[in-house]
Structure formats: C-alpha cells, structure tokens
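Step one of this worksheet: look at the structure below.
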Amino acid sequence: GADPSKTIFVALGSQNVPTTLAAGAIEAGVITPPREFQLNNAKAKFVNLAFLGDYAPGLNGGVATTDKMIRERPQVVRAVMRAHAKGHRFMLENRDETVAIMSKFFNLSLEDAGRSYDTTVRPHFNKTGSVDVETQKKFVEEQITALKLSKMPEMSSIFDFSFIPK
C-alpha cells in the first residue's frame, strides 16, 4: 500500500482528476462517476484500483435547507421537493433521455453516458430518493469519527424525509 507520510495530497475537485491524470501531473486520484469514462480514450492505460463506496460510506446529492426555511416557508420546501422528486422519477423511468442529458452535461459520448447510467444510476438510486436508516447511521458515524465529536446526534436532527412526496 501507499505510505501516507510519503504522499502529497492535493484537493483538485473531482472534475479535474481525469485530465490531470491523463496529463501525468498526478499518479492517482479519486474519480467520481461519470468522470471515469473520460479516461477511456486517453493515450495512457489507467487501472481502476477500487470502488470508493466499498471503503467509505457516503451520500451523493440531496437537498438541504435551514430549520428557519422549514418553519417560515414550508410550502416552498414542499414545492422544491416535488420538483426534485419529478426529476428523480424522470431519471429512473427515462433511460435514453437521461443518458442524452448526461452526455451533453458531462461532455461524454452517448456510449459512456449510457455505461455511467447503467453502473451508477440504476444500481444506486432508489425510487423515493430517501436514504435507508443503516446508510444514514454509517455516514454519520464516519463524520463523527472524522470530526472527533463526543456523541452521536439524533438522526431526526440531521435527516428529515417528511417533505419527500409519497
């Protein structure tokens, strides 16, 4: 394995890792979907060493707001969540249209966007957009350890799925 004391860690932003790897400026990096497909056409051969999700629980995306917004403008929060749910449902029910949007947005070929959809969207996105309690706990426990907090907060103080349309 790598010796962290002999490693220089640089925060590039995941969108910059493929081009920086291809240019030879770095030797390794964490790449988030669908950016891994940008390396398919690079002159050098790259090897996927691992799936980060196997080592670090995490949440992708989501909608966050303040307690004040929920108290004072719950109708706006509901409207945003309805729009989010519609987009989420569209993405799951309309593969071809979603792949075309991904291709354009991420500057990927239709083939690479399709592979990304098939390997990341379909297997990892559920129908409601909510996160199961076990994943919530794993994510929070990881954050508590990283931040060296002394106690576990109540899940309900962090996650509120009551605004997700049924």
Side-chain angles (χ1 to χ4, degrees), residues 1-69 80-81 84 87-88 91-92 95 98-126 128-161:
D3 180 352
S5 68
K6 296 179 182 176
T7 303
I8 298 171
F9 293 92
V10 180
L12 295 173
S14 64
Q15 73 278 8
N16 298 317
V17 173
T19 53
T20 310
L21 273 169
I26 60 174
E27 295 179 12
V30 174
I31 301 174
T32 57
R35 304 210 189 282
E36 72 272 22
F37 297 110
Q38 290 174 323
L39 295 175
N40 288 349
N41 299 322
K43 290 180 183 174
K45 181 177 186 246
F46 294 93
V47 176
N48 185 347
L49 300 174
F51 174 58
L52 190 59
D54 290 339
Y55 300 94
L59 303 174
N60 280 326
V63 179
T65 190
T66 63
D67 290 336
K68 180 181 177 187
M69 182 70 165
V80 167
M81 293 309 298
H84 187 273
H88 188 87
M91 179 181 64
L92 293 176
R95 180 192 184 279
T98 301
V99 167
I101 292 167
M102 290 173 64
S103 173
K104 184 175 180 181
F105 184 80
F106 291 112
N107 195 26
L108 295 170
S109 69
L110 283 173
E111 179 184 350
D112 286 346
R115 287 189 8 222
S116 182
Y117 181 93
D118 293 339
T119 59
T120 59
V121 174
R122 289 307 303 164
H124 301 288
F125 284 64
N126 65 29
T128 66
S130 63
V131 179
D132 65 86
V133 175
E134 196 56 40
T135 301
Q136 292 174 36
K137 285 181 182 175
K138 285 180 185 175
F139 179 75
V140 172
E141 287 168 357
E142 179 186 80
Q143 298 305 305
I144 286 172
T145 301
L147 296 170
K148 299 180 173 122
L149 300 178
S150 59
K151 66 178 190 169
M152 176 90 151
E154 291 294 322
M155 290 292 113
S156 62
S157 71
I158 301 171
F159 300 97
D160 180 357
F161 297 111

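Worth knowing before you read on, the calculation uses all heavy atoms, side chains too, and leaves out hydrogens, waters and symmetry mates.
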Can you check whether V10 reaches T20 side chain to side chain, under 4.5 Å on heavy atoms?
no
State whether the side chain of T145 and the backbone N or O of E141 hold a donor-acceptor pair below 3.5 Å, judged by distance alone.
yes
Can you check whether V99's main-chain N or O pairs, donor with acceptor, with S103's side chain at less than 3.5 Å?
no
dist T120:OG1 -> M102:CE (nearest 0.5 Å) comes out at 5.0 Å
Could you tell me whether D118 and R115 make a salt bridge, using a distance below 4.0 angstrom between a side-chain N and a carboxylate O?
no
Within the structure provided, determine whether V121 and T98 are in side-chain contact (heavy-atom separation under 4.5 Å).
no
Please name the pair of heavy atoms, one in P153 and one in I144, separated by the smallest distance, quoted to 0.1 Å.
CD-CD1, 3.6 Å
Please report the interatomic distance NZ(K137) to CD1(I158), rounded to the nearest 0.5 Å.
12.0 Å
Please tell me if the side chains of T65 and V80 come closer than 4.5 Å, counting only heavy atoms from C-beta onward.
no
Which atom names give the shortest non-hydrogen contact between T7 and D3, and what distance separates them?
OG1-O, 2.9 Å
Could you measure the distance from the CD1 atom of I26 to the CD1 atom of I8? Nearest 0.5 Å is fine.
12.0 Å
Quick check on D160: does its CG atom have over 12 non-hydrogen neighbours (other residues, nucleotides or ligands) under 6.0 Å away?
yes
Which atoms form the tightest heavy-atom contact between E27 and L21, and what is the distance?
C-CD2, 3.8 Å
How far does OH of Y117 sit from CG of L108, to the nearest 0.5 angstrom?
15.5 Å
Test side-chain contact (heavy atoms from CB on, under 4.5 Å) applied to D112 and F106, step by step:
CA-CA 10 Å; D112 286 346; F106 291 112; over 6 Å; no
Spacing of CG belonging to L147 relative to CD belonging to E142, to within rounding of 0.5 Å:
10.0 Å
